[in-house]
Asker: 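Have a look at the structure that comes next, please.
We name chains A, B, ... by the order of the sequence lines, and we start the count at 1 in each one. Values below: every heavy atom of this structure, side chains too, minus hydrogens, waters and symmetry copies.
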Amino acid sequence: MAEKLDGEIVNADAFQLYRGLEIVSAAPSEEEFAQAPHHLYGVLEATESADAQRYVNLAQPVIAEIQTRGKTPIITGGSGLYLKFLTHGAAPLPTADAALRAEMDARPLEDLVAELQRLDPLEAARTALQNRRFVSRALEICLLSGRKASDLRDQWEAKTAGISSQLRGLVIQRSRADLHARIAQRTRAMLDGGALEEVAALPDVSANCEKAIGFREIRALLAGEIGRATCAELINAATRQYAKRQETWFRREKWLVPNPA
RNA sequence: GGCCCGAUAGCUCAGUCGGUAGAGCAGUGGAUUGAAAAUUCACGUGUCGGCGGUUCAAAUCCGUCUCGGGCCA
């Protein structure tokens with residue numbers, strides 16, 4: 001399979017700190033992946049904010065361009081949500097509104113829950129009401145669209161129901177021991193490979209970029225708040241947790257084939 | 001050598017007046033269509049360092065040993 005794919009990698013990450021040291025979490029073969037061109041153009045600057053639609057807008061021209069050269073774009077995760085936007089498209093929902101969001105952030109969660117339950121009881125019942133983000137997003141959809149979030153969601157789910165059967169993809173699953181060893185190796189490579197300099201040189205970054213794993217930890221290291229060993233361990237732990245969340249997400253995507261021969 | 005402090009979950013520690021122990025982190029599983037490398041939910045049996053003693057009952061009190069750390073010599 002590997003030798004048949006003349007591929008180029010498009011990564012589903014909005015920000016690529018540590019350029020050239022991307023996670024190799026899915027690839028036809030490790031050698032091929034390492035040799036394939038990684039598409040870093042179209043990537044957001046650290047000061048820019050990101051969202052799933054923005055990622056799709058950046059990735060699609062890159063994918064099209066690879067295809068015009070007769071090559072296979074290999075889309076890798078990254079974020080399961082971003083990949084799903086790419087494969088299934090965006091639902092016709094209102095885009096986040098900064099002012100409304102700031103207003104909601106200032107309100108107590110119970111307040112948001114109560115309003116959502118009043119405006120759209122069905123969506124409230126489907127939402128994890130302890131999760132502030134999910135509650136405020138659902139409420140935001142209702143307020144901005146003037147419609148019920150549950151209706152819009154149902155429409156979109158009905159419309160995209162058949163898409164998965166037309167997709168092809170694979171998931172590389174590793175044993176936890178192997179995965180954790182590779183994560184530790186990657187962290188080492190990052191710290192030794194210029195990540196400190198890269199973070200030190202970054203300006204005030206966007207809230208999205210600030211959350212990239214390693215960013216805060218390296219800032220703390222540079223500020224002398226933690227030592228290098230602690231920094232590495234914190235990055236390792238955060239990456240392990242992220243990898244586990246990726247596994248959970250992709251396990252649910254039934255069209256993805258785990259560990260094909 | 002003497003004295004003091006510590007030893008409890010993988011790690012850091014809490015544990016009241018004795019009633020066989022629980023937080024944070026780590027870990028595991030889940031949710032997740034415009035913040036997602038984010039956010040969020042669930043999951044806690046472990047020789048309470050060892051041995052002996054007191055007691056109806058000991059992580060807790062007493063003795064002793066081991067291992068850390070500190071102070072005095």
Asker: OP1 or OP2 of B:A37 sitting under 4.0 Å from any side-chain N/O of A:Ser79?
Answerer: yes

Asker: If I take atom CD in residue A:Gln246 and atom C1' in nucleotide B:A31, what distance separates them, rounded to the nearest angstrom?
Answerer: 16 Å

Asker: Tell me whether the side-chain N/O atoms of A:Arg176 come closer than 4.0 Å to OP1 or OP2 in B:G27.
Answerer: no

Asker: Closer than 4.0 Å, any side-chain N/O of A:Arg245 to the OP1 or OP2 of B:A37?
Answerer: no

Asker: Charged N to carboxylate O below 4.0 Å: is that the case for A:Glu253 and A:Lys84?
Answerer: yes

Asker: Take atom CG of A:Leu234 and atom C1' of B:C25, then tell me their distance rounded to the nearest Å.
Answerer: 10 Å

Asker: Please tell me if the side chains of A:Tyr55 and A:Leu81 come closer than 4.5 Å, counting only heavy atoms from C-beta onward.
Answerer: no

Asker: When the P atoms of B:C72 and B:G49 are compared, how many Å lie between them, rounded to an integer?
Answerer: 29 Å

Asker: Any strand is fair game: report the nucleotide pairing with B:U60 by Watson-Crick or G-U wobble, both distances under 3.5 Å, or none.
Answerer: none

Asker: Taking the same atom, C1', in B:C48 and in B:C13, what whole-Å distance lies between them?
Answerer: 13 Å

Asker: Can you tell me the base-pairing partner of B:U66? Count Watson-Crick or G-U wobble geometry only, both distances below 3.5 Å, and say none if there is no partner.
Answerer: B:A7

Asker: Taking the same atom, P, in B:U55 and in B:A14, what whole-Å distance lies between them?
Answerer: 31 Å

Asker: Quick check on A:Asp204: does its CG atom have over 12 non-hydrogen neighbours (other residues, nucleotides or ligands) under 6.0 Å away?
Answerer: no

Asker: Would you tell me if any nitrogen or oxygen in the side chain of A:Arg101 comes within less than 4.0 Å of OP1 or OP2 on B:A35?
Answerer: yes

Asker: Please state whether the phosphate of B:A37, meaning OP1 or OP2, lies under 4.0 angstrom from any side-chain nitrogen or oxygen of A:Gln241.
Answerer: no

Asker: Could you go through residues 138-145 of chain A and list every donor-acceptor pair under 3.5 Å that involves a side-chain atom there, pairing it with any protein atom two or more places apart or in another chain?
Answerer:
residue	atom	partner	partner atom	Å
A:Glu140	OE1	A:Arg101	NH2	3.2
A:Glu140	OE1	A:Arg137	NH1	2.7
A:Glu140	OE2	A:Arg101	NE	3.1
A:Ser145	OG	A:Ile141	O	2.6
A:Ser145	OG	A:Arg147	N	3.0

Asker: Dump every N/O contact between nucleotides 41-44 of chain B and the protein below 3.5 Å, one line per pair.
Answerer:
none

Asker: What integer number of Å spans the P atoms of B:U12 and B:C51?
Answerer: 23 Å

Asker: For A:Glu217 and B:A38, give me the distance from atom CD to atom P, rounded to whole Å.
Answerer: 9 Å

Asker: Just by distance, no angles: are the side chains of A:Gln53 and A:Asn57 close enough, under 3.5 Å, to form a donor-acceptor pair?
Answerer: yes

Asker: Tell me whether A:Lys148 is salt-bridged to A:Asp154, with the criterion being a basic N under 4.0 Å from an acidic carboxylate O.
Answerer: no

Asker: Check every strand shown and say whether A:Arg137 touches a base, only sugar-phosphate, or nothing at a heavy-atom separation below 4.0 Å.
Answerer: base

Asker: Would B:G34 be called syn or anti, given that syn covers angles within 90° of 0?
Answerer: syn

Asker: Nearest 0.5 Å please: distance from the CD atom of A:Gln60 over to the CZ atom of A:Phe85.
Answerer: 12.0 Å

Asker: What does B:C71 pair with, Watson-Crick or G-U, if both distances are under 3.5 Å?
Answerer: B:G2

Asker: Is it true that A:His180 and A:Ser175 share a donor-acceptor pair across their side chains at a distance under 3.5 Å?
Answerer: no

Asker: B:G34 phosphate, OP1 or OP2: any side-chain N/O from A:Arg153 under 4.0 angstrom?
Answerer: no

Asker: Looking at A:Arg107 and A:Glu115, does any basic side-chain N land under 4.0 Å from a carboxylate oxygen?
Answerer: yes

Asker: Rounded at 0.5 Å granularity, tell me how far OG in A:Ser165 sits from NZ in A:Lys254.
Answerer: 15.5 Å

Asker: Check if the side chain of A:Lys244 and the base of B:G27 share a donor-acceptor pair of N or O atoms closer than 3.5 Å.
Answerer: no

Asker: State whether A:Arg126 and A:Asp120 are salt-bridged, where the test is any N-O pair (Lys NZ or Arg NE/NH1/NH2 against Asp/Glu carboxylate O) under 4.0 Å.
Answerer: no

Asker: Taking the P atom of each, how far is B:A9 from B:G46, in whole Å?
Answerer: 11 Å

Asker: When you compare B:G6 with B:U39, how far apart are their C1' atoms, in angstrom units rounded to a whole number?
Answerer: 40 Å

Asker: Have a look at A:Ser136 and say if it touches a base, only the backbone sugar-phosphate, or nothing, with a 4.0 Å heavy-atom cut-off.
Answerer: base

Asker: Closest to the A:Asn208 side chain: B:G34, B:A36, B:A37?
Answerer: B:A36

Asker: Quick check on RNA chain B: between A:Gly80 and A:Ile141, whose nearest nucleotide comes earlier from the 5' end?
Answerer: A:Ile141

Asker: Rounded to the nearest Å, what distance is computed from the CH2 atom of residue A:Trp249 to the P atom of nucleotide B:U40?
Answerer: 16 Å

Asker: In residues 105-119 of chain A, what residues come within less than 4.0 Å of RNA chain B, judged by heavy atoms?
Answerer: A:Asp105

Asker: On RNA chain B, check which nucleotide each of A:Pro94 and A:Glu233 is closest to and give me the residue with the more 5' one.
Answerer: A:Glu233

Asker: On a whole-Å scale, what distance lies between the P atoms belonging to B:C25 and B:A38?
Answerer: 15 Å

Asker: Give the rounded distance in Å between these two atoms: CZ of A:Arg133 and P of B:A31.
Answerer: 19 Å

Asker: Could you tell me which nucleotide pairs with B:A23 by Watson-Crick or G-U wobble geometry, both distances under 3.5 Å, or answer none if nothing does?
Answerer: B:U12

Asker: Identify whether the distance between the nearest side-chain nitrogen and carboxylate oxygen of A:Arg216 and A:Glu225 falls below 4.0 Å.
Answerer: no

Asker: I need the CG-P distance between A:Leu129 and B:U40, as an integer number of Å.
Answerer: 14 Å

Asker: Without decimals, in angstroms, what is the distance between A:Met104 CE and B:U39 P?
Answerer: 17 Å

Asker: Give one of base, sugar-phosphate or nothing for A:Arg251, where a contact means two heavy atoms less than 4.0 Å apart.
Answerer: sugar-phosphate

Asker: For A:Asp51 and B:A38, what is the distance between atoms CG and P respectively, to the nearest whole Å?
Answerer: 17 Å

Asker: Could you check which nucleotide pairs with B:A42 in any of the strands shown, counting Watson-Crick or G-U wobble with both distances under 3.5 Å?
Answerer: B:U28

Asker: Rounded to whole angstrom, note down the C1' distance from B:G44 over to B:C11.
Answerer: 15 Å

Asker: Rounded to the nearest 0.5 Å, how far does CG of A:Leu109 lie from CG of A:Leu116?
Answerer: 10.5 Å

